[in-house]
Amino acid sequence: IAQQPVRQTWLPLADISGYLPRTVIASEDSRFCQHRGVDWRSLKELLEEAEDLEDLRGGSTITQQTAKNLFLWSGRSYLRKALELPLSMWMDLVLGKRRIMEIYLNIATWGPGAEFGAEAGARRAFGKSARELDAREAALMAAILPNPRRRSAKSPGPAVQRLAGIYQARANTP
């Protein structure tokens with residue numbers, strides 16, 4: 001297997017377009033500003049509806065995803081989820097929301113291969129810095145987050161375009 005170069009340029013949150021964190025919150029974790037790392041209410045609802053671990057997709061907060069990406073392994077397991085919960089609560093307490101968002105935006109995978117961080121994703125998709133993203137471009141980037149290896153912000157299909165519209169509208173509501 002050929003190695004791909006890792007692309008990542010860290011940007012402070014203040015240097016990232018304000019549209020991006022808002023649309024990411026709208027798409028990934030609408031209660032990000034209210035919970036303390038774990039959205040117990042949403043988790044309880046998911047557990048009540050889930051029949052097995054496969055049904056728990058989409059149940060992680062931004063903080064949990066950050067904890068997983070920084071400290072744990074990918075893949076689904078009860079052990080990883082059990083470790084993720086206290087790590088997420090600790091991160092929320094120690095780091096705070098702004099720093100968690102900054103870390104998340106800078107370590108999330110935004111494209112195929114080894115492209116990490118909003119800057120690499122924005123450059124790949126739109127040929128510009130994450131500083132310069134407009135509302136629509138930020139929403140397109142948020143729409144690919146669940147599967148950036150299969151979805152494209154540069155050439156979005158109808159589903160990505162539809163989701164981007166939803167996230168853009170949600171990001172503009174208080």
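Count residues from 1 along the sequence.
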Check whether [X] reaches the backbone of [Y] with its side chain - one donor and one acceptor, N or O, closer than 3.5 Å.
| X | Y | result |
| --- | --- | --- |
| Glu28 | Ile62 | no |
| Ser17 | Tyr19 | yes |
| Thr173 | Arg170 | yes |

Given side chains that start at C-beta, do those of [X] and [Y] come closer than 4.5 Å, heavy atoms only?
| X | Y | value |
| --- | --- | --- |
| Leu83 | Tyr78 | no |
| Ser60 | Lys81 | yes |
| Tyr167 | Val24 | no |
| Leu79 | Trp73 | yes |
| Glu102 | Trp10 | yes |
| Glu84 | Gln65 | no |
| Arg151 | Pro146 | yes |
| Arg36 | Leu93 | no |

message = Quick check on side-chain contact (heavy atoms from CB on, under 4.5 Å): which of Leu13, Thr66, Leu11 does Asn106 satisfy it with?
response =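 When side-chain contact (heavy atoms from CB on, under 4.5 Å) is applied between Asn106 and each of Leu13, Thr66, Leu11, only Leu11 qualifies.
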Are [X] and [Y] connected in the hydrophobic side-chain network, where two residues link if heavy atoms are under 4.5 Å apart?
| X | Y | answer |
| --- | --- | --- |
| Leu133 | Leu145 | yes |
| Ile25 | Ile107 | yes |
| Val160 | Leu163 | no |
| Leu85 | Val94 | no |
| Leu72 | Val38 | no |

inquiry  = Rounded at 0.5 Å granularity, tell me how far OG in Ser27 sits from CD1 in Ile166.
reply    =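 Ser27 atom OG to Ile166 atom CD1 measures 11.0 Å (nearest 0.5 Å).
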message = Within this structure, what is the CG-CG distance for the pair Asp15 and Leu105, rounded to the nearest 0.5 Å?
response =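 Between Asp15 CG and Leu105 CG, I get 12.5 Å after rounding to 0.5 Å.
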request  = Determine whether the side chains of His35 and Asp92 contain a donor N or O and an acceptor N or O closer than 3.5 Å.
outcome  =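 Judged by distance alone, the side chains do not pair up.
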query = Just by distance, with hydrogens left out, do Gln64 and Thr61 show a side-chain donor and acceptor under 3.5 Å apart?
reply =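 Result is yes, a qualifying pair exists.
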Looking only at non-hydrogen atoms, find the nearest pair between [X] and [Y] and report the distance.
| X | Y | result |
| --- | --- | --- |
| Phe71 | Leu87 | CB-CD1, 4.0 Å |
| Pro21 | Ile16 | CD-CG2, 4.5 Å |
| Thr109 | Phe116 | OG1-CE2, 3.4 Å |
| Arg22 | Gly18 | NH1-O, 3.2 Å |
| Ser88 | Gly37 | CB-O, 3.6 Å |

ask   = With a cut-off of 6.0 Å (strictly less than), are more than 12 heavy atoms of other residues, nucleotides or ligands near CZ of Arg131?
value =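 Buried by this count: over 12 neighbours within 6.0 Å.
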message = Could you check whether atom CZ of Arg31 has more than 12 heavy atoms from other residues, nucleotides or ligands sitting under 6.0 Å from it?
response =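 Enclosed: over 12 neighbouring heavy atoms sit under 6.0 Å from CZ of Arg31.
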request  = Test side chain to side chain contact (heavy atoms under 4.5 Å, CB included) on Met101 and Phe32 and set out the steps.
outcome  = CA-CA 10 Å; Met101 180 58 68; Phe32 177 71; 4.0 Å; yes
request  = Please assess Glu132 against Ser129 for the test side chain to side chain donor-acceptor pair (under 3.5 Å), listing each intermediate value before the final yes or no.
outcome  = CA-CA 5 Å; Glu132 302 164 342; Ser129 174; 5.4 Å; no
Using distance only, find each side-chain donor-acceptor pair of residues 137-144 under 3.5 Å and give its atom names and separation, not counting sequence neighbours.
{"residue": "Glu137", "atom": "OE1", "partner": "Lys128", "partner atom": "NZ", "Å": "2.9"}
{"residue": "Glu137", "atom": "OE1", "partner": "Asp134", "partner atom": "N", "Å": "3.0"}
{"residue": "Glu137", "atom": "OE2", "partner": "Lys128", "partner atom": "NZ", "Å": "3.1"}

Salt bridge (Lys or Arg N to Asp or Glu O under 4.0 Å) between Glu119 and Arg123, intermediate numbers included = CA-CA 6 Å; Glu119 183 70 5; Arg123 292 211 178 270; 2.8 Å; yes
ask   = Can you list the steps and then say if Gln168 with Thr23 is a side chain to side chain donor-acceptor pair (under 3.5 Å)?
value = CA-CA 6 Å; Gln168 187 176 349; Thr23 55; over 6 Å; no
